**Q** 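Mind having a look at this structure? Questions to follow.
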Amino acid sequence: MSISVNNISKHFGAFTALDNISLDIPEGELVALLGPSGCGKTTLLRIIAGLEQADQGDVFLKGDRVTDQPVKNRQIGFVFQHYALFRHMTVFENVAFGLRVKPRRERLGEAIIRKKVHDLLSLVQLDWLHDRYPDQLSGGQRQRIALARALAVEPSVLLLDEPFGALDASVRKDLRQWLRNLHHDLNVTSIFVTHDQEEAMEVASQVVVLNHGRIEQQGAPGDIYDHPANAFVSRFIGQTNVFDLEEHDADWLQTAGLSAAQQKGKIAHVRPHDIVIEKSTHHSDAYVTLKDWQHLGALIRIELVKSGINGHAASVYAEMPNDQFRRLHLNRGDKVDLRIRHAHWFH
Amino acid sequence: MNAISATSFLASKKLTLSDPDWVRYALIVATLAVIGLFLLLPLLTVLIEAFAKGWDAYSASLSHPDALAAMRLTLLVAVVTVPLTTVFGVSAAWAIARFDFRGKSLLITLIDLPFSVSPVIAGLIYVLIFGAQGWLGSWASEHDIKILFAVPGIILATLFVTFPFVARELIPLMQEIGHEEEEAALSLGASGWQTFFKITLPNVKWGLLNGVLLCNARAMGEFGAVSVVSGHIRGLTNTLPLHIEVSYNEYDFVGSFAGASILAALAVVTLVFKTVLEWKQKQEAAKQAVEVH
Ligand SMILES: Nc1ncnc2c1ncn2[C@@H]1O[C@H](COP(=O)(O)OP(=O)(O)OP(=O)(O)O)[C@@H](O)[C@H]1O
Ligand SMILES: [Mg+2]
């Protein structure tokens with residue numbers, strides 16, 4: 001295990017930020033720490049880095065217990081949410097910093113440092129900016145410089161706190177792919193924090209879902225999506241329709257194709273793409289009306305309104321490829337028949 | 001379209017808000033008159049009085065042993081107090097900006113205390129503590145330690161009135177800059193001292209220099225607090241401001257104003273330094289901002 005966290009708890013006054021967290025991350029993985037705002041992602045990352053002290057529990061890096069080691073002895077690279085570049089130093093000096101503060105006997109010669117820094121800057125494709133100050137860079141450029149600076153000391157693990165958090169959508173998309181490739185080339189065990197599930201699924205080889213200071217689930221992105229461990233994960237990862245059987249949805253689910261035998265809990269979560277619709281031919285017992293749709297690139301999201309038995313309407317979302325939807329020849333206000341292919345059941 | 005109408009709206013707003021010319025000129029003239037009357041005129045008087053009996057009398061009174069002793073003492077006080085207040089200011093600002101602890105706001109208020117207390121009171125505090133009837137007075141005299149009416153007392157009183165200067169300058173600055181760059185330095189393997197000297201200090205250097213400059217000006221110019229504890233012993237415990245007062249009271253106008261001219265020169269030098277600092281700071285910011293496209 002490259003990073004191992006054992007029973008970590010952290011309190012801020014009476015508030016429990018982390019509640020008995022244990023986590024094992026094998027060598028070379030790129031792990032996403034995913035969770036809603038305030039769930040403790042940054043706190044956990046800072047404890048692994050040694051920037052914060054846990055109340056209880058241990059941190060192991062490469063098998064060594066580092067719980068009592070200060071951050072400078074942990075050989076980590078940390079990329080801060082707001083980059084934290086040294087504002088009075090040029091890009092070059094920023095990246096060289098970690099090499100120049102080494103004790104004299106470990107320090108590399110100036111020529112080697114120069115070469116190394118320029119190599120790193122080339123790696124992040126920004127060597128042409130070496131004499132700029134951080135103020136003169138765009139957000140995406142700062143992000144990459146921060147990464148180059150962290151990589152300069154050849155960390156054994158790389159910790160990134162919302163590396164793309166402050167960037168706009170298109171830059172984020174580019175950088176995600178770039179980070180994935182970079183990780184592939186360097187193969188440094190890395191944890192990156194995000195509250196964007198799409199980002200986690202796209203970039204990471206492992207996803208750890210955190211909520212209220214606890215780990216809800218850990219696994220490969222596909223596993224988590226297909227087999228959410230609980231209602232929180234199911235809701236947080238991807239879109240989902242929630243049907244609560246206590247609100248008289250049982251009968252309705254039966255007509256939608258989930259027989260009583262298939263109903264294995266009180267709450268059913270249904271992914272939009274697990275809902276199949278077609279134009280209703282027998283108007284009498286059609287429950288659902290097509291209200292509207294939105295284009296999501298290749299997919300189309302269809303908003304359906306189900307009038308409940310007790311009278312109040314509820315929205316249900318379905319998704320299907322564009323051309324499939326076009327072939328249905330549906331218009332707003334049409335009655336549709338609805339079939340649920342698969343549901344996740346929770347208590 | 002929207003943007004255009006918004007800017008033209010702003011422009012017209014500004015136009016109606018801008019005052020007629022005569023108001024502008026009247027305000028400028030009034031400001032200049034006040035500055036002339038209350039700042040430049042006294043400064044000029046100091047120079048005229050100092051040189052009333054010619055250059056020789058001026059230089060003679062400045063090279064009088066008592067005057068020289070006063071200047072030496074003033075320098076000594078500054079040399080001792082400025083580094084102490086600087087160290088105190090940096091550590092206090094560090095503690096306040098970096099850590100959360102009980103009574104933090106009380107501490108900030110306490111740092112401001114010397115600003116709100118009359119300097120005379122500051123002096124009297126030391127008289128009460130170290131005077132013959134004071135709490136530590138008998139202890140000090142038993143151990144043959146002279147504090148009141150001696151250099152240590154003067155330094156203590158000056159420390160009291162100057163210790164907020166550096167801290168006050170640094171606290172808001174350090175709070176604004178935050179802790180992240182220091183954490184980044186630590187994570188890159190820097191030691192605490194390396195982080196302090198390579199990251200923290202460069203980030204606050206202009207504020208720090210400014211604070212040191214103001215602190216120095218005050219240390220050299222302080223009158224009230226020092227006056228109470230000094231005892232006015234000529235050639236021994238008179239700082240330059242006290243020397244000026246004593247000379248004046250003895251109708252030695254040239255000596256008094258010659259001393260005053262030195263203090264005035266110090267003020268001017270301080271101002272020049274301050275201006276240079278601000279200019280340098282702007283230049284550095286500009287240097288960092290060029291070539292942005
Ligand atoms: N120094 C602190 N003092 C008190 N409470 C804190 C402190 N730091 C964090 N917390 C609390 O701990 C909880 C977890 O904070 P943390 O910064 O780890 O959240 P996060 O998951 O990183 O959120 P975000 O996605 O918004 O960055 C939050 O509720 C926060 O209010
Ligand atoms: Mg965070």
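Values reported hereafter were calculated over all heavy atoms of this structure, with side chains retained and with hydrogens, waters and symmetry mates removed. Note that the structure is a prediction, hence the values are computed from the model and not measured. A, B, ... follow the sequence lines: proteins, then strands. Residue 1 opens every chain.
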**Q** Nearest heavy-atom pair of Ala184(B) and Ala84(A): which atoms, and what distance?
**A** CB-O, 3.9 Å

**Q** Is the number of heavy atoms from other residues, nucleotides or ligands under 6.0 Å of His212(A) NE2 greater than 12?
**A** no

**Q** Using heavy-atom distances under 4.5 Å, tell me whether Thr195(B) contacts chain A through its side chain, its backbone, both, or neither.
**A** neither

**Q** Taking the side chain as C-beta and beyond, is there a heavy-atom pair between Glu181(B) and Leu85(A) under 4.5 Å?
**A** no

**Q** When you look at NZ of Lys115(A), are more than 12 heavy atoms from neighbouring residues, nucleotides or ligands closer to it than 6.0 Å?
**A** no

**Q** Under a 4.5 Å heavy-atom cut-off, does chain A meet the side chain of Glu183(B), its backbone, both or neither?
**A** both

**Q** Is a side-chain N or O of His82(A) found less than 3.5 angstrom from the main chain of Glu180(B), in a donor-acceptor match?
**A** no

**Q** Is it true that, when you exclude Phe115(B) itself, more than 12 heavy atoms of the residues, nucleotides or ligands shown sit nearer than 6.0 Å to its CZ?
**A** yes

**Q** Need one label for Ala152(A): side chain, backbone, both or neither, based on atoms under 4.5 Å from any heavy atom in chain B.
**A** neither

**Q** Once you round to the nearest 0.5 Å, how far does NE2 of His88(A) lie from CG of Asn203(B)?
**A** 5.5 Å

**Q** At under 4.5 Å between heavy atoms, what parts of residues 33-61 of chain A are in contact with chain B? List them by residue number.
**A** Arg46(A), Leu51(A)

**Q** Given a strict heavy-atom distance threshold of 4.5 Å, which part of Leu159(A) is in contact with chain B: side chain, backbone, both, or neither?
**A** neither

**Q** If contact means a heavy atom pair closer than 4.5 Å, which residues of residues 96-113 of chain A contact chain B?
**A** Phe97(A), Gly98(A), Val101(A)

**Q** Is the closest side-chain heavy-atom distance between Lys72(A) and Leu188(B) below 4.5 Å?
**A** no

**Q** Count the heavy atoms belonging to other residues, nucleotides or ligands that lie under 6.0 Å from OH of Tyr25(B), then report whether that count exceeds 12.
**A** no

**Q** I'd like to check Ser187(B) versus Ile76(A) (side-chain heavy atoms, cut-off strictly below 4.5 Å). Are they in contact?
**A** yes

